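Predicted, not measured: the structure shown is a model, and the values here were computed from it.
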Amino acid sequence: HADVAMYRAKETGRNNFQFYTSEMNERALERLRIEGDLRNALERNEFVLYYQPQVDLRTREIVGVEALIRWQHPEFGMVPPIRFIGLAEETGLIVPIGAWAIQEACRQCKKWQKEGLGHPRVAVNLSARQFTQQDLVDCVAAALNETGLAAEYLEIELTESLVMADVDHAIGILRELKALGVQLSIDDFGTGYSSLSYLKRFPIDVLKIDRSFVNDITIDPDDAAIVASIISLAHSLRLQVIAEGVETIEQLGYLRKHECDQIQGYFFSRPIPAEAMGRMLQDGHRLQAESAGTLI
Ligand code: C2E
Ligand code: MG
Ligand code: MG
Ligand code: MG
């Protein structure tokens with residue numbers, strides 16, 4: 001019975017799981033276990049950053065990398081952020097974990113520069129709890145100071161919901177971050193609610209089009225229209241625009257035609273460890289120019 005109940009609970013989704021006691025206990029236990037492990041993961045050095053290149057469509061060069069956290073769990077292996085960021089948020093552990101990620105990304109970016117591997121900027125994701133944390137700006141300033149990375153090479157990714165939760169507060173923090181000299185971007189753009197008039201008031205530099213729109217641009221005319229509009233909106237507000245989740249040459253072609261500035265996605269590279277990213281920078285890896293005689 002327990003097995004059947006568990007199976008059904010999974011099938012019908014989380015909302016029904018209170019009816020299935022065994023499932024609930026199991027989940028609660030797993031959660032406790034993960035939470036306990038998460039508390040020690042930082043001091044045990046179990047987090048790693050992977051890096052995914054962002055490529056300029058005009059020069060075809062890597063102009064940025066996004067730092068994406070993974071948890072190298074001693075038992076479960078490489079745990080993706082979707083499995084622990086939410087819990088880290090709820091418990092507040094995201095604050096020290098996030099501070100580590102900012103510091104580590106800056107350190108790595110500076111290291112590449114010292115090794116003569118060019119000057120791509122590094123983008124770090126920020127979660128809601130970090131954004132409302134008192135000393136966020138000090139934390140970012142400290143990471144830059146301690147690693148020696150020039151501020152212009154650090155980009156902070158925020159989401160619409162994060163900045164829209166308290167617009168006046170957000171504008172204050174964003175201005176302080178801009179005063180440090182860092183770049184600011186809006187991640188997953190188009191999935192949240194943000195009024196265009198607010199967008200104009202935020203001192204941001206980059207819009208990242210959510211991959212759910214990019215995914216279907218070549219088959220869904222609505223998504224194609226949305227993406228084209230976001231690109232032209234971004235440009236009329238003098239913002240750079242990055243398309244996320246680019247997987248195919250057809251998507252790339254559409255984005256190039258509509259003058260998207262940069263792409264990020266499996267088409268060029270998955271997120272990879274720092275050493276592999278270093279080799280990619282070393283080799284001067286670029287977006288391939290020709291395909292069947294057509295410039296893409
Ligand atoms: P995100 O910031 O929107 O990052 C992009 C996600 O899309 C990454 O997933 C990346 O691996 C994935 N992706 C990139 N290109 C493609 C593609 O072509 N196809 C598909 N299907 N997926 C693609 P990942 O690494 O699992 O990260 C998931 C989310 O976890 C991130 O979404 C971000 O919101 C969060 N996250 C990651 N690292 C951190 C961190 O250090 N701090 C915080 N607060 N959140 C983080
Ligand atoms: Mg991101
Ligand atoms: Mg995103
Ligand atoms: Mg995100």
Side-chain angles (χ1 to χ4, degrees), residues 41-56 59-73 77-81 84-85 88 94-127 130 135-158 177-185 187 205-206 208 240 242 244 261-266 268-287:
L42 206 50
E43 64 194 44
R44 291 184 185 157
N45 245 314
E46 290 172 356
F47 293 111
V48 283
L49 294 182
Y50 273 35
Y51 297 88
Q52 187 177 34
Q54 300 171 329
V55 186
D56 187 293
T59 64
R60 306 174 197 282
E61 285 168 356
I62 298 171
V63 289
V65 297
E66 179 173 4
L68 295 156
I69 199 167
R70 273 98 183 88
W71 178 11
Q72 182 68 72
H73 191 281
M78 203 62 98
V79 184
F84 65 90
I85 291 288
I94 192 67
V95 173
I97 296 171
W100 172 83
I102 295 169
Q103 182 93 26
E104 174 61 15
C106 291
R107 188 195 63 76
Q108 183 61 65
C109 188
K110 180 69 186 183
K111 185 163 177 271
W112 286 324
Q113 291 185 359
K114 281 190 197 150
E115 292 168 353
L117 301 182
H119 288 77
R121 55 173 202 281
V122 69
V124 183
N125 293 280
L126 214 64
S127 67
Q130 286 173 277
D135 59 350
L136 171 67
V137 180
D138 294 339
C139 167
V140 172
L144 295 169
N145 276 328
E146 285 162 30
T147 62
L149 183 73
E152 64 190 288
Y153 298 110
L154 176 63
E155 180 174 311
I156 305 227
E157 295 193 2
L158 311 131
L177 288 171
K178 274 316 290 179
L180 292 179
V182 303
Q183 302 287 304
L184 299 176
S185 61
D187 199 1
D205 307 285
V206 180
K208 297 188 71 180
Q240 294 267 309
I242 304 182
E244 294 192 285
D261 301 293
Q262 291 156 33
I263 57 147
Q264 179 182 343
Y266 296 172
F268 188 77
S269 171
R270 286 181 177 256
I272 52 179
E275 306 73 56
M277 191 63 239
R279 283 193 296 275
M280 195 180 264
L281 292 169
Q282 171 103 60
D283 297 345
H285 204 71
R286 286 161 157 254
L287 193 62

Subject >> For Y50, ring pair (Phe, Tyr, Trp, His ring centres under 6.0 Å) partners two or more places apart >> reply: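 Expected list: none.
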
Subject >> Which residues share a ring pair (Phe, Tyr, Trp, His ring centres under 6.0 Å) with W112, sequence neighbours left out >> reply: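 Y51.
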
**OP:** May I ask you to decide whether E115 forms a salt bridge with K111, counting only side-chain N to carboxylate O separations under 4.0 Å?
**Re:**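 Looking at E115 and K111, the cut-off is met.
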
Tell me, please, which residues at least two apart from [X] pass side-chain hydrogen bond (donor to acceptor under 3.5 Å, both in side chains).
X: R286; value: E61
X: E244; value: none
X: E66; value: N125, K208, Q264
X: Q108; value: none

Only counting residues at least two apart or in another chain, list the ones meeting side-chain contact (heavy atoms from CB on, under 4.5 Å) with [X].
X: V79; result: W71, H73, F76, R83, F84
X: Q282; result: L117
X: A150; result: E152, Y153

Euclidean distance, [Y] [atom2] relative to [X] [atom1], rounded to 0.5 Å:
X: I69; Y: I94; atom1: CD1; atom2: CD1; value: 6.5 Å
X: E157; Y: L68; atom1: CD; atom2: CG; value: 7.5 Å
X: L158; Y: L177; atom1: CG; atom2: CG; value: 7.5 Å
X: T147; Y: K110; atom1: OG1; atom2: NZ; value: 7.5 Å
X: L154; Y: C106; atom1: CG; atom2: SG; value: 4.5 Å
X: L126; Y: D187; atom1: CG; atom2: CG; value: 10.5 Å

Which heavy atom of [X] sits nearest a heavy atom of [Y], and at what distance?
X: C109; Y: P120; answer: SG-O, 3.3 Å
X: A101; Y: L49; answer: O-CD1, 3.6 Å
X: L287; Y: F268; answer: N-CE1, 3.5 Å
X: A67; Y: V122; answer: CB-CG2, 4.3 Å

Subject >> Pairing residues for D56 by the salt bridge (Lys or Arg N to Asp or Glu O under 4.0 Å) criterion, not counting sequence neighbours >> reply: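 If we apply the salt bridge (Lys or Arg N to Asp or Glu O under 4.0 Å) test to D56, skipping adjacent residues, there are no hits.
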
**OP:** Under the salt bridge (Lys or Arg N to Asp or Glu O under 4.0 Å) rule, collect the residues that match up with K178, sequence neighbours excluded.
**Re:**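 Partners of K178 under the salt bridge (Lys or Arg N to Asp or Glu O under 4.0 Å) test: D205.
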
Subject >> Close side-chain approach of P271 to R70, heavy-atom, < 4.5 Å >> reply: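 Result yes, sub-4.5 Å side-chain heavy-atom pair found.
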
Original post:
With a 4.5 Å heavy-atom cut-off, do E104 and V124 have their side chains touching?
Top reply: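 Not touching, per the 4.5 Å side-chain cut-off.
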
Subject >> Worked check of side-chain contact (heavy atoms from CB on, under 4.5 Å) between M277 and I62 >> reply: CA-CA 10 Å; M277 191 63 239; I62 298 171; 4.0 Å; yes

Report, one line per pair, each donor and acceptor closer than 3.5 Å where one atom sits in a side chain of residues 136-146; sequence neighbours left out.
residue : atom : partner : partner atom : Å
N145    : ND2  : A141    : O            : 3.4
E146    : OE1  : Q103    : NE2          : 3.2

Original post:
When you measure from the side chain of Q130 to the backbone N and O of S127, does any donor-acceptor pair fall under 3.5 Å?
Top reply: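 Side chain of Q130 to backbone of S127: a pair is present.
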
